[in-house]
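A, B, ... follow the sequence lines: proteins, then strands. Residue 1 opens every chain. None of the values given here were measured: they were computed from a predicted structure.
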Amino acid sequence: MNAQRLKQVFDRLSNHHGPLNWWPGDSGFEVMVGAILTQNTAWSNVEQAIANLKRAQALAPERILALPPEELGQLIRPSGYFNVKSKRLRSFCQWYLEQGGEAVLSAWDTGMLRTQLLSVNGVGPETADDILLYAFERPVFVVDAYTRRLFSRLGMVDGDEPYESLRASVEAVIGDDVPMLNELHAVIVIHGKDVCRPRPRCSDCVLLGECPTGQGLNRFPPATPRSS
DNA sequence: CTCCAGTAAT
DNA sequence: ATTACCGGAG
């Protein structure tokens, strides 16, 4: 991972899309719930699920656990996989309360907190890092599908690197700058949703000049299956 | 590798 | 009607 290249990419994306000041949410706990609900799911759907939880005054760990799992499933239904996510939310809330809540968790060092988060059923590497960075403001980089797609198209990674490997190489460049790690992941997500999509909109891209996939060098022409 | 599922853009 | 979605577990 070329440090200068990564910083250059960040500057361009940040100047164009930012500042974003993520993650949207009125509390740390809301961020954690959102991180679980947004797994492989559009954020617009998660917003509806969170709105339902708020309307039912259920956006608190005790309240979520007090709900019959079936009712919880109906509340979060718009976010998809509602049976799976109902169970995952419950597992998370049970762990959260068992450990003593946010005050206790905030006192743990990042390595400890990450290991414990990963022990919860339904919390994998990306969700754990979302929570670490955006709820606990810890210096970690979140690797997601957008990151792999963007870095891969830019020729910065091979594409099949392990999660931890990619995370470590970015953190090695950015360091423990939490605001920058926050903004970096945020702009990658926005760029991935709006510009560097599965069918990239290269004409709208601020990285066009330095992207081997883009029209600059005209390699790997964007897949245009049939119609366009 | 397959399943999990509703929602919105295309 | 198809595609894609801020993944993770079995």
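The side chain of A/R77 has B/dG6 as its nearest neighbour among C/dG8, B/dG6, B/dA5. With C/dA4, C/dG10, B/dA5 as the choices, the nucleotide that has an atom nearest any side-chain atom of A/N121 turns out to be C/dG10. Nearest to the side-chain atoms of A/P125 among the listed nucleotides B/dA8, C/dC5, C/dG8 stands C/dG8. Closest to the A/A42 side chain, of the nucleotides B/dT7, C/dC5, C/dG7, is C/dC5. Side-chain proximity of A/Q39 to the nucleotides C/dG7, C/dA4, B/dG6 is greatest for C/dG7.
Under a 4.5 Å side-chain heavy-atom criterion applied to ILVMFWY residues, the cluster that includes A/V84 comprises A/Y81 as well.
Residues A/R77 and A/Q48 have side chains that never bring a donor and an acceptor to within less than 3.5 angstrom of each other.
Two residues, A/P78 and A/R88, neighbour DNA chain B, and the one matched to the more 5' nucleotide by heavy-atom proximity is A/R88.
In this entry the distance linking CH2 of A/W43 with C1' of B/dT7 reads 15 Å, nearest Å. Atom P of nucleotide B/dT7 and atom CG of A/L37 are separated by 14 Å, given to the nearest angstrom. One atom, CG of A/N40, and another, C1' of B/dT7, lie 13 Å apart when rounded to the nearest Å. Atom pair A/K193:NZ and B/dT10:P shows a separation of 11 Å (rounding to whole Å applied). Here the C1' atom of nucleotide C/dA4 and the CG atom of A/D194 are 13 Å apart, to the nearest Å. For the pair A/F92 CZ and C/dG7 P, the computed distance is 17 Å after rounding to whole Å. Whole-Å rounding puts the A/R149 CZ to C/dA4 C1' distance at 9 Å.
When heavy atoms are screened at a 4.0 angstrom cut-off, A/G80 is found touching base atoms of the nucleic acid. Backbone-only contact: A/V123 has heavy atoms under 4.0 Å from sugar-phosphate atoms and none from a base. Nucleic acid contact for A/R197: sugar-phosphate only, since backbone atoms but no base atoms lie under 4.0 Å from a heavy atom of the residue. A/V189 comes within 4.0 angstrom of a base, heavy atoms only.
Put simply, the side chain of A/W108 does not reach to within 4.5 Å of the side chain of A/F136, judged on heavy atoms.
Considering only side-chain N and O atoms, A/R148 lies nowhere under 4.0 angstrom from the phosphate OP1 or OP2 of C/dG7.
Classification of the A/F151-A/F141 ring pair by plane angle, with boundaries at 30° and 60°, yields parallel.
Residues passing the side-chain contact (heavy atoms from CB on, under 4.5 Å) test with A/D160 are A/D158, sequence neighbours excluded.
Rounded to whole Å, the P atom of C/dT2 lies 22 Å from the corresponding atom of B/dA5.
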